[in-house]
Amino acid sequence: MSNQEVQVIDFEEMLRFIEKRLASAGTYVKREAIITILQAEEAFLLEKGVLEEYNE
């Protein structure tokens with residue numbers, strides 16, 4: 001068994017960060033659209049093996 005580092009990312013914090021970045025660029029995107037994009041990105045990264053499900 002290898003020793004792996006696990007990093008937990010706060011989803012709400014990430015959403016607020018993205019909303020703030022988009023707003024500072026003069027762009028408004030509905031939160032639901034951002035969530036859909038993030039879920040698609042997560043599925044892609046899981047499929048590619050970049051992310052792994054973590055169970056305690």
Side-chain angles (χ1 to χ4, degrees):
M1 182 175 195
S2 67
N3 197 9
Q4 294 181 337
E5 181 179 328
V6 174
Q7 184 174 4
V8 177
I9 297 175
D10 183 292
F11 194 76
E12 182 64 31
E13 179 183 3
M14 183 169 49
L15 274 174
R16 284 191 310 268
F17 178 84
I18 292 168
E19 289 171 328
K20 184 178 174 184
R21 272 303 274 272
L22 290 170
S24 70
T27 304
Y28 173 78
V29 178
K30 288 185 178 181
R31 183 171 264 225
E32 294 80 20
I34 297 169
I35 290 170
T36 300
I37 292 167
L38 289 173
Q39 289 171 335
E41 179 184 27
E42 177 187 30
F44 176 79
L45 294 174
L46 284 167
E47 184 177 298
K48 296 298 180 182
V50 175
L51 290 179
E52 293 180 21
E53 294 285 336
Y54 179 73
N55 298 311
E56 290 187 55

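- Leu51 CG to Glu42 CD: the interatomic distance, rounded to the nearest 0.5 Å, is 6.5 Å.
- Side-chain contact check for Glu32 versus Ile35: every heavy-atom pair is 4.5 Å or farther apart.
- Between Leu38 and Glu41, the closest side-chain pair of non-hydrogen atoms falls below 4.5 Å.
- Around atom CD of Glu52, no more than 12 heavy atoms belonging to other residues, nucleotides or ligands sit under 6.0 Å away.
- Val50 and Leu46 fall within the same hydrophobic cluster, defined by Ile, Leu, Val, Met, Phe, Trp and Tyr side-chain heavy atoms under 4.5 Å apart, directly or through other members.
- Met14 places a side-chain heavy atom less than 4.5 Å from the side chain of Phe11.
- Residues Ile18 and Ile37 fail the side-chain proximity criterion, which asks for heavy atoms closer than 4.5 Å.
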